[in-house]
Amino acid sequence: MKNMLRRLTTVLAGFTLAATMLLGAVSTAHAGDKIYLKDGRVLQGEITRELEGSVWLNYTIGGVEQKGFFASGEIDHIEHDDGKTAPPSTPQAPKADTAKVQPKRAGVPRGVVITLEGEVGIQFASKPLEDMIPWLEQQQVDIVVLKVNSGGGLLLEIPKMHKALYEEFKPRFRTVAWIESAISAAAMSSHVLEEIYFMKDGNYGACTGWHGALQLADEFTTEKALAMMEDASAKGNHPKEIMHSMQLGFPLSCNRDSNGEFHWFNSDEGEYLVNPKDRILTFDSQQATQYKFSKGTADNLDELTRLLGYPEVDWLGEHVPGEIFPICKGEQDMRKWRDDITRAEDDFQTNYVKYEMAVQNARGSQDIKQRGTFVGLARRHLAVIERAAKTYPNFMLLRGLTIEWFEQQHQLLKDLMKP
Amino acid sequence: MDEAKNMKQERNRMLASVAAGFLAVWGLMGAAPSGVQAGPALTSAWAPAGPRAAGDDTPDRLIFKDGRIIEGQVLEETATQVRFMVVVAGIKGEQTYSRSDILAIERGDPADTSKPTTTPTTGGPEHPAKPKEADEANPDAPGVYVLNLKGKFGRDIAPTPIRDVVKDAAKYKPQYLVVVLDNAWETQDGQELPDFVAAFDQLFLAEDIEPIFTKEIKDIWGYQPKVVVWVKNAMGGAAFLPLNFDTIYFSSRGKMGGIGNLTELFGNTGDAIVREKQFSLRMGHARGMAVRGGYDTKLVEAMARTDYVLSYRIQNGKPVLVEGEPNPELGEHLLTDDGEGDHKDDVKALARGEGNDTLTINAKLASDLAISKATVDDMDSLLYELGIDRNHTMIDGRSDQIMDQWDRSLASAERGLRDLWKKFNETQIQGDYRQRTAARATKMRIIREILSTLDRYNEVYKIGLLKLPDGLPNKPSLEVLHEQLKQDQMKDRP
């Protein structure tokens with residue numbers, strides 16, 4: 001499946017590239033302002049309006065006057081008629097390669113808060129985290145706080161999250177989890193982190209794998225998940241017995257030695273019974289602190305800063321009303337990822353039905369011109385679905401859409417146009 | 001495959017009848033459903049647009065990220081949406097746009113129409129004006145702002161009006177916010193529900209409301225006021241709300257409960273261990289609220305789980321909760337039994353509100369268990385208990401008007417939906433091509449208007465508490481219907 005999606009990506013990327021080159025070839029210089037687009041095109045003309053880094057440009061292509069709008073995200077930089085060069089002044093923080101890096105204050109570490117929310121494998125995913133690393137490095141970030149609020153998601157994303165957090169983030173940054181709610185795959189994803197802090201009403205656990213109508217995952221999948229989380233527990237320096245109780249309802253008890261250290265058992269033999277047999281463990285903030293699973297409870301960034309052991313942290317980002325931490329560029333990007341995939345998810349079903357409807361109407365059209373109209377409409381709807389498939393492979397995987405399916409649809413549309 | 005679902009998706013699936021229609025659409029497509037996507041908790045705070053000068057005809061402009069610019073008037077703004085009166089060739093129409101699609105809003109400035117003001121949309125609605133003291137307030141007296149929460153939880157008691165009230169209260173800088181909780185515990189058609197009926201999963205409605213008081217208010221007001229909850233009736237999801245606050249008072253007839261069906265939520269569906277997972281994650285959320293308010297989490301277990309046995313004793317004047325059967329030698333009393341066999345509440349106990357399979361907290365228990373600071377039946381007594389009866393300023397805010405206005409707007413929206421749907425069904429596609437085209441255009445416009453209304457009241461719609469006209473399809477089906485009309489028109493083209 002991965003290969004299929006990779007093939008789709010390659011095909012689409014090739015298509016996009018070809019289209020871009022074609023556009024670049026027919027673009028002719030006019031006069032005045034120049035905008036350099038990230039896709040390599042350079043357009044010259046008159047900028048009639050500029051707003052937040054986006055521009056409206058009057059220019060000509062092949063002698064035909066065009067009025068175009070270019071979003072800030074598409075623009076690399078702008079050369080004004082007066083010779084001044086301006087990078088796009090986007091409402092978001094500057095992109096990694098051009099962002100201005102403020103000098104660090106001596107002895108004050110730099111931190112960011114990044115939220116992980118939504119369904120694991122869909123909105124809550126490793127890809128946007130990995131994409132963020134160059135910017136974090138360029139900004140000389142020392143501490144990455146991952147604020148988790150998720151009800152779980154897909155098992156298949158957990159190893160990817162482990163890889164991102166353990167192999168990419170932990171070696172580069174002090175990476176900690178700040179738990180508002182980490183249920184199931186959200187808790188399992190965070191488990192490779194040693195430093196876990198809770199919000200006062202935080203919860204963490206309930207990691208039983210299931211499918212369908214509350215059916216337990218099959219024996220092999222369950223064992224694989226147990227093994228994966230034993231490895232994650234070791235990486236995060238958490239007793240494996242805790243995750244066993246979160247996954248499969250093993251009893252959990254512990255003894256506390258004279259040094260205050262806990263020793264754990266997946267039985268009721270310990271002095272403190274934390275989880276009775278056949279119950280699934282979910283920690284609240286009190287339990288997590290009491291049993292030293294959490295490093296502490298913080299409801300705001302000041303409290304978290306103290307728990308992290310600093311008098312002060314330079315938290316990157318802008319204050320946004322209603323938010324309890326500054327919103328940095330990395331967080332903006334993460335939110336955009338979630339918004340975009342949520343929109344794609346919301347629109348998918350209607351786009352699919354619209355596509356099917358257009359195909360049916362094309363099939364039923366005797367008139368070739370009318371059939372062509374419906375085929376065109378079907379292609380437009382199919383293109384939207386394909387774009388989502390390319391950008392969010394997990395999401396499409398869940399819908400059972402494959403490269404073969406897309407190829408069949410393209411063939412079908414081609415066949416429909418045969419007289 | 002592990003399919004631990006997003007909590008809010010589950011909530012919606014269980015609470016909202018719309019899910020059935022949703023699944024039907026998925027069935028049509030032959031793809032696996034992933035559930036209804038819930039909006040984020042902060043998506044629906046309508047902020048009224050600023051007042052416009054009389055006769056001001058400089059239009060506002062919405063500048064979209066795709067370069068489109070439309071003119072009209074901003075009616076309302078939220079963190080995620082902008083409601084806009086579009087004016088095209090003199091014809092007006094109301095539309096709701098997602099903020100994420102908008103690059104900036106240019107406001108026609110009544111003071112200087114030659115200089116429109118442009119506001120980037122990244123920060124959500126404007127921060128409320130810096131709070132000012134009520135003119136009549138005695139500067140030494142603490143201000144008290146009262147918020148009455150009445151009606152159905154999730155419908156009348158919903159995030160949007162509460163957020164608006166909190167913004168209104170911010171103007172007066174009160175030290176105390178008194179939340180009088182008296183939710184209607186009744187069926188859709190208004191029949192009163194007994195105590196033993198339960199709605200645990202309304203927990204997630206409480207989770208949409210609670211952050212307004214515990215997280216947002218500090219940022220909106222610039223400080224954290226003392227939030228006092230006065231429980232008159234807190235049944236179902238409303239029972240979770242007081243647990244977030246350390247200062248609770250009860251009225252003498254006050255009740256807090258109606259969440260005792262956790263272990264019955266899924267019946268015998270699936271495997272027991274997976275059901276346990278579902279109970280556990282829910283209890284994780286519920287216990288978190290009790291931790292926030294400083295209450296023993298055993299109370300929530302006893303309120304929620306039929307199989308949980310809890311007793312208590314008073315030791316040194318303080319209640320001590322003990323898991324398991326009471327020990328009479330220690331003067332312990334049973335709060336809840338395991339509900340098994342002979343312990344199962346009989347009809348006599350249930351009819352008298354005396355069942356003990358799960359815990360419903362009345363005023364006496366609330367006092368005995370130190371949940372409530374005191375039992376009070378009028379505002380003067382409450383102020384006395386707070387120690388400010390002789391030194392306070394009662395703020396005459398707009399909370400009641402805002403809550404009433406919300407109720408009226410819901411009722412108006414429901415009437416509007418009925419009228420629109422009736423008109424949709426009455427509009428026949430017949431006659432010549434021009435007439436058929438006009439009829440389809442009418443139907444398509446009606447669908448857009450219906451969708452716009454459903455979006456505006458999505459927080460109530462998504463949990464199935466917006467009264468819809470019979471036969472009205474859900475949102476995805478309406479989108480499909482719209483497309484069908486569009487394609488029918490294409491087919492009909494001569």
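Reckoned from all heavy atoms, side chains included, excluding hydrogens, waters and symmetry mates. In what follows, every chain begins at residue 1, and chains take the letters A, B, ... in the order their sequences are listed. Predicted model, so just to flag it, every value in this text is computed and none were measured.
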> Relative to chain B, which segment of Phe283(A) carries a heavy atom at a distance below 4.5 Å: side chain, backbone, both, or neither?
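Only the backbone of Phe283(A) comes within 4.5 Å of chain B.
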
> Can you tell me which portion of Thr297(B) sits under 4.5 Å from chain A's heavy atoms? Options are side chain, backbone, both or neither.
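Interface part for Thr297(B): side chain.
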
> What residue in Gly121(A), Gly249(A), Gly364(A), Ala213(A) has the most heavy-atom pairs under 4.5 Å with chain B?
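Most heavy-atom pairs under 4.5 Å with chain B: Ala213(A).
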
> Tell me, for Ser365(A) versus chain B, whether the close heavy atoms (under 4.5 Å) come from the side chain, the backbone, both or neither.
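For Ser365(A), neither part sits under 4.5 Å from chain B.
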
> For the pair Asp367(A) and Arg493(B), find out whether any cationic side-chain nitrogen is under 4.0 Å from an anionic carboxylate oxygen.
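Salt bridge between Asp367(A) and Arg493(B), a charged N being under 4.0 Å from a carboxylate O: no.
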
> When you look at NZ of Lys475(B), are more than 12 heavy atoms from neighbouring residues, nucleotides or ligands closer to it than 6.0 Å?
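Atom NZ in Lys475(B) is crowded, with more than 12 foreign heavy atoms closer than 6.0 Å.
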
> Please round to the nearest 0.5 Å and tell me the distance separating atom CD of Glu323(A) and atom CD of Glu216(B).
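Glu323(A) CD to Glu216(B) CD: 9.0 Å, rounded to 0.5 Å.
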
> Report yes or no: does Thr350(A) contribute a side-chain atom to a donor-acceptor pair with the main-chain N or O of Glu479(B) at less than 3.5 Å?
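Judged by distance alone, no pair lies under 3.5 Å.
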
> Kindly say whether Leu216(A) contributes a backbone atom to a donor-acceptor pair with the side chain of Asp271(B) at under 3.5 angstrom?
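The answer is yes, because a donor-acceptor pair under 3.5 Å joins these two groups.
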
> Residues two or more places apart in sequence or in another chain: which of them pass salt bridge (charged side-chain N to carboxylate O under 4.0 Å, His left out) with Lys218(B)?
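Salt bridge (charged side-chain N to carboxylate O under 4.0 Å, His left out) check on Lys218(B) returns nothing, list empty.
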
> Is the closest side-chain heavy-atom distance between Arg279(A) and Met283(B) below 4.5 Å?
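No, every pair of side-chain atoms sits at 4.5 Å or beyond.
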
> Is Gln370(A) in contact with chain B via its backbone, its side chain, both, or neither, using a 4.5 Å heavy-atom distance?
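Contact with chain B: side chain only.
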
> With heavy-atom distances below 4.5 Å as the criterion, would you say the side chains of Lys486(B) and Leu377(A) are in contact?
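Of all side-chain heavy-atom pairs linking Leu377(A) with Lys486(B), at least one is under 4.5 Å.
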
> I'd like to know whether Asp219(B) forms a side-chain contact (heavy atoms from CB on, under 4.5 Å) with His319(A), so could you lay out the CA-CA distance, the side-chain angles of the two residues, the decisive distance to 0.1 Å, and finally the verdict.
CA-CA 10 Å; Asp219(B) 189 67; His319(A) 171 74; 2.9 Å; yes

> Name the option with the most non-hydrogen atom pairs under 4.5 Å to chain A; the candidates are Thr269(B), Ile273(B), Asp488(B).
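Counting heavy-atom pairs under 4.5 Å, the top option is Ile273(B).
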
> Got Asn203(A) and Leu281(B) here, is their nearest side-chain heavy-atom distance under 4.5 Å?
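Not in contact.
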
> Could you look at Met199(A) and say if it's the side chain, the backbone, both or neither that has a heavy atom under 4.5 Å from chain B?
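Just its side chain gets close to chain B.
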
> If I measure from the heavy atoms of chain B, does Gln360(A) come under 4.5 Å with its side chain, its backbone, both, or neither?
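For Gln360(A), there is no contact with chain B at all, as no heavy atom is under 4.5 Å.
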
> Minimum heavy-atom separation for Ile183(A) and His285(B), please, with both atom names.
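Scanning both residues completely, I find the closest heavy atoms to be CG1-NE2, 4.2 Å.
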
> Any luck finding a side-chain donor-acceptor pair between Ser184(A) and Lys277(B) under 3.5 Å?
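A pair is found: one side chain offers a donor N or O, the other an acceptor, under 3.5 Å apart.
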
> Give the member of Asn300(A), Thr297(A), Asp278(A) that has the highest number of heavy-atom pairs under 4.5 Å with chain B.
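Option with the greatest count: Asp278(A).
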
> If you count heavy-atom pairs within less than 4.5 Å of chain A, which of Arg287(B), Gln487(B), Glu276(B) leads?
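Result: the option with the highest number of such pairs is Gln487(B).
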
> When Arg275(B) is tested against each of Thr208(A), Leu214(A), Ile280(A) for side chain to side chain contact (heavy atoms under 4.5 Å, CB included), which residue passes?
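Among Thr208(A), Leu214(A), Ile280(A), the one meeting side chain to side chain contact (heavy atoms under 4.5 Å, CB included) with Arg275(B) is Leu214(A).
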
> Which atoms of Glu210(B) are under 4.5 Å from chain A, going by heavy atoms: the side chain, the backbone, both sets, or neither?
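Side chain of Glu210(B) only, per the 4.5 Å heavy-atom cut-off to chain A.
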
> What is the distance from atom NZ of Lys491(B) to atom OG1 of Thr373(A), rounded to the nearest 0.5 Å?
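If I round to the nearest 0.5 Å, the distance is 13.0 Å.
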
> Side chain from CB out, backbone as N, CA, C, O: work out which of these in Gln287(A) comes under 4.5 Å of a heavy atom of chain B, or both, or neither.
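Contact with chain B: side chain only.
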
> Chain B heavy atoms under 4.5 Å from Asp299(A): which part of the residue, side chain, backbone, both or neither?
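Asp299(A) touches chain B through side-chain heavy atoms alone.
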
> For atom CD of Glu318(A), is the number of surrounding heavy atoms from other residues, nucleotides or ligands below 6.0 Å larger than 12?
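It does not: Glu318(A) CD has 12 such atoms or fewer within range.
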
> Checking heavy atoms, do the side chain of Ala225(A), its backbone, both or neither come under 4.5 Å from chain B?
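Neither part, no heavy atoms under 4.5 Å.
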
> Go through the atoms of Ile327(A) and report whether side chain, backbone, both or neither lie under 4.5 Å from a heavy atom of chain B.
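Contact with chain B: none, neither part.
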
> Who passes ring pair (Phe, Tyr, Trp, His ring centres under 6.0 Å) against His244(A), sequence neighbours left out?
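Partners of His244(A) by the ring pair (Phe, Tyr, Trp, His ring centres under 6.0 Å) criterion, ordered by chain and then number, come out as Phe250(A).
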
> Under 4.5 Å heavy-atom distance to chain A, tell me which part of Met490(B) shows up: side chain, backbone, both or neither.
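For Met490(B), heavy atoms of backbone and side chain both lie under 4.5 Å from chain A.
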
> So how far is it from Arg282(B) CZ to Thr282(A) OG1, rounded to the nearest 0.5 Å?
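Rounded to the nearest 0.5 Å, the CZ-OG1 separation comes out at 11.0 Å.
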
